[in-house]
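Heads up: the structure comes next, in structure tokens.
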Amino acid sequence: MKKRPNSTRRSFCQAAVVAATSSLLGWKKAATGSVAANEKTPSLLNGSRSGNLIAVSTYSFWHFSGEPSPVDICIRKAAEMGFDAVELLEVQMKNKEPAYLQSLKRETFLAGISLCSLSTHQSFVKPDPAERQENIEKTKRSIELANSLGIPSIRVNTGRWGTAGSFDELMANKGIEPILNGYTEDEAFGWVIDSFEKLLPIAEKNGVMLALENHWGLGRTADGVLRIVNAIDSPWMGVTLDTGNFLENAWKQYEQMLPQTTFIQAKTYQGGGVWYSLDIDYQRFGDLLRKYHYRGFVSLEFEGNEDPAIAVPQSLEILRKNCYF
């Protein structure tokens, strides 16, 4: 198969993600003056947006501890704080009943905010074909759920071996875990690629991007993520770049992934991280976004111990200041 240039796939993917909201929301921010002033920010007289649309993940209000923060409340908080969009964490949703889904769409409309991504969980690192098929079916339902909510992209994972035990143990070992006895990493990459290829027709039919995150397992490194995305080579398969999931050589790996990135999750850690803290220079990161002409969503994932009511608006200010064109 003749490979398409990465830039072509990237352009297609970003257009699919931002086209519906970018012009209107960008004008709104310019009109209200809520984009941080910066001497490098271009004039808005031509009607163009001045910077990336800034979203917030509902995960920022709940870190898998205690009762999940209701996503409808998270949507209202996001709108009140001045975000452009919301990324839903699927496991945080109360249910998947049609009436509930329609109520979320109504909530976002009345708040003047959009739903930009659905963050899902699956694992295709499974030797048993039946288990992989279960995860394919699960991801199919997530794609259809995103379509029902008018969400154009879902965050997907490779999954992991599961040999590290608990997630806390995995984090203590910097995301590294042993390969399951009797199998190889090459075999696992084959399982993951085959599983995503089976999902591509469903993604295209529903108009929902699959955006593979650097999220432990085979996606722990930029090389791992890109090995899968390049093998699949589809305009419906992109990359979610999480700024907090590279625990070594982060800046080199950001640059590896940015040419094919279609969605960004930006970590902050006020109050100290839940699992660890990283000192991420978002001025430098913003320079990379401009270097690689990334114009898509940047979604905040606050992962600190500070009160979200304090830390989330602080983080929004940081991202507004640095994510300009």
Side-chain angles (χ1 to χ4, degrees), residues 1 9 13 59 64 87-91 96 117-147 151 153-167 169-171 173-206 208-242 245-246 253 256-257 260-263 265:
M1 178 187 294
R9 181 201 294 132
C13 295
Y59 169 74
F64 295 94
E87 176 188 2
L88 296 182
L89 184 62
E90 184 175 356
V91 298
K96 312 292 174 60
S117 182
L118 180 69
S119 194
T120 70
H121 291 83
Q122 61 282 117
S123 177
F124 301 126
V125 185
K126 304 283 187 182
D128 185 349
E131 288 190 72
R132 296 201 297 275
Q133 187 60 40
E134 286 178 11
N135 279 270
I136 289 171
E137 293 300 323
K138 177 183 178 183
T139 309
K140 176 183 175 181
R141 291 192 293 272
S142 295
I143 292 170
E144 293 169 344
L145 173 63
N147 176 282
I151 296 175
S153 178
I154 67 171
R155 184 288 303 269
V156 291
N157 302 319
T158 65
R160 60 187 184 89
W161 292 105
T163 54
S166 70
F167 189 73
E169 184 180 340
L170 181 72
M171 291 298 91
N173 201 35
K174 297 185 177 181
I176 300 170
E177 61 180 351
I179 295 172
L180 195 64
N181 285 338
Y183 298 96
T184 68
E185 200 167 69
D186 284 342
E187 285 180 288
F189 273 105
W191 302 333
V192 172
I193 291 166
D194 178 69
S195 297
F196 279 127
E197 285 179 337
K198 291 176 180 176
L199 287 163
L200 287 174
I202 300 160
E204 182 173 4
K205 177 182 177 181
N206 284 274
V208 175
M209 284 285 306
L210 307 179
L212 182 61
E213 183 185 346
N214 53 308
H215 187 83
W216 320 123
L218 301 188
R220 192 179 71 87
T221 65
D223 286 339
V225 171
L226 296 177
R227 176 174 173 176
I228 294 164
V229 172
N230 289 336
I232 292 170
D233 191 34
S234 167
W236 291 98
M237 187 84 194
V239 168
T240 293
L241 191 164
D242 189 311
N245 286 356
F246 290 135
Q253 297 193 83
Q256 281 182 261
M257 288 180 61
Q260 291 170 255
T261 292
T262 56
F263 194 77
Q265 294 171 335

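Computed from a predicted model, the values in this text were never measured in an experiment.
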* Asked: Side chains of H121 and V91: does their closest heavy-atom pair fall under 4.5 Å?
  -> yes
* Structure fact -> In this structure, CH2 of W236 is separated from CD1 of I143 (nearest 0.5 Å) by 10.5 Å
* **F64 side chain reached by L89 side chain, heavy atoms, under 4.5 Å** => yes
* Side-chain donor/acceptor of Q122 to backbone N/O of N157, under 3.5 Å -> yes
* Taking salt bridge (charged side-chain N to carboxylate O under 4.0 Å, His left out) as the test, write out the residues that go with D223, two or more places apart. => none
* To do: Measure the NZ-CG distance between K138 and L199 for me, rounded to the nearest 0.5 Å.
  => 12.5 Å
* Do S195 and E197 have side-chain atoms, one donor and one acceptor, less than 3.5 Å apart? -> no
* Are V225 and M257 side-chain neighbours, meaning at least one heavy-atom pair lies under 4.5 Å? -> yes
* Asked: Atom CD1 in I154, atom CD in E87: separation rounded to 0.5 Å?
  -> 11.5 Å
* If you round to the nearest 0.5 Å, how far is OG1 of T139 from CD1 of I202? -> 9.0 Å
Counting only pairs under 3.5 Å, give me each side-chain donor-acceptor contact of residues 174-183, with atom names and distances, residues two or more places apart or in other chains.
| residue | atom | partner | partner atom | Å |
| --- | --- | --- | --- | --- |
| E177 | OE1 | R160 | NH1 | 3.0 |
| E177 | OE1 | G162 | N | 3.2 |
| E177 | OE1 | T163 | N | 3.3 |
| E177 | OE1 | A164 | N | 3.3 |
| E177 | OE2 | W161 | N | 2.7 |
| E177 | OE2 | G162 | N | 3.4 |

* Is there a side-chain contact between V239 and L226 (heavy atoms, below 4.5 Å)? -> yes
* Tell me, do K126 and E134 make a side-chain contact under 4.5 Å, heavy atoms counted? -> no
* To do: Taking atom types as modelled, find out whether N206 and E144 have a side-chain donor-acceptor pair closer than 3.5 angstrom.
  => no
* **G159 versus S123, closest heavy-atom pair with distance** => CA-OG, 3.3 Å
* Of all the heavy-atom pairs spanning T158 and G219, show the shortest one and how long it is. => OG1-N, 3.4 Å
* Asked: Mind checking whether L241 and F263 have side chains closer than 4.5 Å, heavy atoms only?
  -> no
* Geometric cation-pi criterion R227 and F189, 6.0 Å radius, 45° cone -> yes
* How far apart are the closest heavy atoms of V192 and L218, and which atoms are they? -> CG2-CD1, 3.8 Å
* Do F196 and M237 come close enough that some side-chain heavy atom pair is under 4.5 Å? -> yes
* Asked: Would Q265 and S119 satisfy side chain to side chain contact (heavy atoms under 4.5 Å, CB included), going step by step from the backbone distance to the final call?
  -> CA-CA 10 Å; Q265 294 171 335; S119 194; 4.0 Å; yes
* Hey, mind stepping through R132 and D128 against salt bridge (charged side-chain N to carboxylate O under 4.0 Å, His left out) and telling me if it holds? -> CA-CA 7 Å; R132 296 201 297 275; D128 185 349; over 6 Å; no
* Asked: When rounded to the nearest 0.5 angstrom, what is the spacing between OG in S142 and CG in L118?
  -> 6.0 Å
* To do: Could you go through the side chain to side chain contact (heavy atoms under 4.5 Å, CB included) check for M209 and T262 one step at a time?
  => CA-CA 9 Å; M209 284 285 306; T262 56; 4.2 Å; yes
* For residues D242 and N214, report the shortest heavy-atom separation together with the two atoms involved. => N-OD1, 2.8 Å
* Would you sort out whether K96 and E90 count as a salt bridge (charged side-chain N to carboxylate O under 4.0 Å, His left out), showing the intermediate values? => CA-CA 9 Å; K96 312 292 174 60; E90 184 175 356; 3.0 Å; yes
* Asked: Does T240 reach the side chain of L212, with side-chain heavy atoms less than 4.5 Å apart?
  -> no
* To do: Please lay out, stage by stage, how K198 and D194 fare under the test side chain to side chain contact (heavy atoms under 4.5 Å, CB included).
  => CA-CA 6 Å; K198 291 176 180 176; D194 178 69; 3.3 Å; yes
* Take V208 and I151 through the test side chain to side chain contact (heavy atoms under 4.5 Å, CB included) and record every step on the way to the result. => CA-CA 7 Å; V208 175; I151 296 175; over 6 Å; no
* Between the main-chain N or O of E131 and the side-chain N or O of N135, is there a donor-acceptor pair closer than 3.5 Å? -> yes
